[in-house]
Asks: 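Sharing a structure below in structure tokens format, with a few things to ask.
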Amino acid sequence: MAKQLIEERQQVHVPERSFRKMLHGEKQVWSEEIAVTVQGSGLQVLTGCVAEKTIYGNNPQDGIRRPDVLALLDGHPLAIEIRNTHEVDIEKAAWLKQQGYSVLEIDIADTAFEPMESITTLLERRLFANSHLAQWLCHAGDDAAKRQLIELEADTRAKRREEELFLLAEMEAKALAEQKRIAARARLQDIDDFRLRLEDCTVRIGRNIRRVSLKVHGFTAKPAFSKIMNLAHRYGGQFNKKGKCWEFQPKQDIEAFFLQLCSEAEMVCLGTNRRTPGGVAPIPTPPTTPNVDGDSQSTFRIAPETDERFEERAAILQYDGGFSRQEAEELAGQNI
């Protein structure tokens, strides 16, 4: 029935046929999709429409075929195949393409389960109102569209070349800036460090090409902590609140200063003297600097049994909270 309806009306609703390609610039600095339309979708008028007509190949050896419907669409030969129980044979579709036909397949298999009185209405809607179950197996305009797509690609790339060069230069500049940032960060990272235990904490001394740092990890009682703090002050250390450490920027050789500070710290913490590699001469002790952290004795006193919790809380307030030692002790005493 579908073949007869198309032949009678000399019309059919066809889907869109197009070729698309996604283009990318060098290093994918830009992307753009291009497309060439072979056939627009919609209801198309056919000419010379006839059902079940035998056609012969261009050469005698090509044989013959009988499409469901033959017609002309925009001057090009069109073969319409109605899919009822099975899809179009691959060999048949290839033969029609070789002979220069466009091949349109329309699927109406689902209408077989509908009542007889409604089949005509369903077929009319399927053939003349929409094409969501129709597909192009091939189109006579495919080859020309593919050539046009190649030309469009070349034209698009030429138009975007200047933009591409600019974006590549920008990308290269950003990469170079990132490399410099990483290199600068590497220069600031410690290339050597020395660690030792002091009661319940760890004392770490590190160095890079610009400075030496002294940091206490963990919390310990005030007398032990004061030893490290006094050592930092004696060598002119400046406390860095963000890094929570003392930093030294000696004018003399940084490595020698680092070794000397390690030796002093070991003597302070363990009561032993660290033998510095290479026989480095001790660095003269810098003049004593004022206590920049304001480590004056607090007037607040606590009972001996709460001393350990008090010292821990005071240390947290001083080095995490940024308070002076006196303020930290007074606040810690209020919470004990």
Side-chain angles (χ1 to χ4, degrees), residues 1-21 33-60 62-152:
M1 183 182 296
K3 294 179 282 187
Q4 287 74 21
L5 287 173
I6 295 174
E7 184 178 17
E8 290 173 3
R9 295 202 180 185
Q10 300 283 303
Q11 291 179 330
V12 70
H13 200 286
V14 302
E16 180 185 350
R17 174 75 166 178
S18 61
F19 290 97
R20 300 176 179 275
K21 185 175 182 180
E33 184 183 47
I34 59 174
V36 174
T37 300
V38 182
Q39 177 70 60
S41 64
L43 185 63
Q44 301 293 323
V45 176
L46 307 176
T47 58
C49 188
V50 59
E52 298 288 352
K53 181 180 179 180
T54 300
I55 56 175
Y56 297 85
N58 296 328
N59 299 305
D62 290 341
I64 61 174
R65 294 292 188 276
R66 180 179 292 180
D68 291 331
V69 180
L70 284 176
L72 291 177
L73 174 60
D74 298 329
H76 299 290
L78 170 66
I80 301 175
E81 293 291 329
I82 306 300
R83 180 175 178 176
N84 235 328
T85 58
H86 59 277
E87 61 186 14
V88 178
D89 181 74
I90 296 177
E91 187 275 333
K92 181 179 181 181
W95 187 91
L96 290 168
K97 179 181 179 181
Q98 184 181 15
Q99 305 306 316
Y101 284 83
S102 300
V103 181
L104 177 65
E105 180 186 65
I106 303 175
D107 187 356
I108 63 167
D110 58 319
T111 62
F113 304 99
E114 300 294 335
M116 288 296 298
E117 59 273 14
S118 61
I119 287 181
T120 300
T121 302
L122 290 173
L123 286 177
E124 288 180 344
R125 187 180 306 139
R126 183 70 50 83
L127 299 173
F128 309 117
N130 64 70
S131 55
H132 68 282
L133 290 180
Q135 62 172 334
W136 290 103
L137 303 183
C138 63
H139 196 286
D142 285 353
D143 292 339
K146 290 177 181 178
R147 290 192 296 269
Q148 186 178 352
L149 191 69
I150 294 173
E151 294 173 359
L152 181 59

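All of these numbers come straight from a predicted model, not from anything done at the bench. Side chains included, hydrogens not; waters and symmetry mates left out as well; all remaining heavy atoms used.
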Asks: Closest heavy-atom contact between Ala93 and Leu137?
Replies: CB-CD1, 4.1 Å

Asks: Give me the atom names and distance for the closest heavy-atom approach of Leu73 to Val45.
Replies: CD1-O, 4.1 Å

Asks: Checking Ser102 side chain against Leu78 main chain: does a donor-acceptor pair fall under 3.5 Å?
Replies: no

Asks: Write out all pairs satisfying salt bridge (Lys or Arg N to Asp or Glu O under 4.0 Å) with one or both partners inside residues 70-82, taking only residues at least two apart or from two chains.
Replies: Glu81-Lys92

Asks: I'd like to check Ile55 versus Gln99 (side-chain heavy atoms, cut-off strictly below 4.5 Å). Are they in contact?
Replies: no

Asks: Mind checking the CD-NZ spacing from Glu33 to Lys21? Nearest 0.5 Å is all I need.
Replies: 12.0 Å

Asks: Could you tell me whether the side chain of Ile6 reaches within less than 4.5 Å of the side chain of Ile82, counting heavy atoms only?
Replies: yes

Asks: What distance separates Arg83 CZ from Asp68 CG, expressed to the nearest 0.5 Å?
Replies: 13.0 Å

Asks: Where do Ala2 and Ile108 come nearest, in terms of heavy atoms and distance?
Replies: CB-CD1, 3.9 Å

Asks: Using modelled atom types only, decide if a donor and an acceptor are shared between the side chain of Glu105 and the backbone of Val88 within a distance under 3.5 Å.
Replies: yes

Asks: Measure the spacing between CD of Gln10 and OG1 of Thr47 and express it to the nearest 0.5 Å.
Replies: 7.5 Å

Asks: I need the minimum non-hydrogen distance between His13 and Asn130, along with the two atoms involved.
Replies: ND1-C, 3.5 Å

Asks: What residue pairs, at least two apart or across chains, pass ring-ring contact (aromatic ring centres under 6.0 Å, His included) with a residue in residues 77-114?
Replies: none

Asks: Less than 4.0 angstrom from a charged side-chain N to a carboxylate O is my criterion; do Arg65 and Asp89 meet it?
Replies: no

Asks: Say you draw a straight line from CG of Leu127 to CG of Leu133; how long is it, rounded to the nearest 0.5 Å?
Replies: 11.0 Å

Asks: Mind checking the CE-CG spacing from Met1 to Asn84? Nearest 0.5 Å is all I need.
Replies: 11.0 Å

Asks: Compare every heavy atom of Ser18 with every heavy atom of Thr37, then report the nearest pair and how far apart it is.
Replies: CA-CB, 3.8 Å

Asks: Test: ring-ring contact (aromatic ring centres under 6.0 Å, His included). Region: residues 115-145. Which pairs qualify, not counting sequence neighbours?
Replies: Trp136-His139

Asks: Quick test of your reading: applying salt bridge (Lys or Arg N to Asp or Glu O under 4.0 Å), list the pairs with at least one residue in residues 44-56, sequence neighbours left out, ordered by first then second residue.
Replies: Lys3-Glu52

Asks: Under a 4.5 Å cut-off applied to non-hydrogen side-chain atoms, are Ser131 and Val12 in contact?
Replies: no

Asks: Return each pair, listed once, that meets salt bridge (Lys or Arg N to Asp or Glu O under 4.0 Å) where at least one residue sits in residues 141-152; pairs must be two or more places apart or across chains.
Replies: Arg17-Asp142

Asks: Once you round to the nearest 0.5 Å, how far does CZ of Arg9 lie from CG of Leu46?
Replies: 12.5 Å

Asks: Locate the shortest heavy-atom distance separating Val69 from Cys49; write the atom from each residue and the value.
Replies: CG1-SG, 3.5 Å

Asks: Taking the side chain from Arg126 and the backbone from Ala134, do they hold a donor-acceptor pair closer than 3.5 Å?
Replies: no

Asks: What pairs with Glu7 under side chain to side chain donor-acceptor pair (under 3.5 Å), at least two apart in sequence or on another chain?
Replies: none

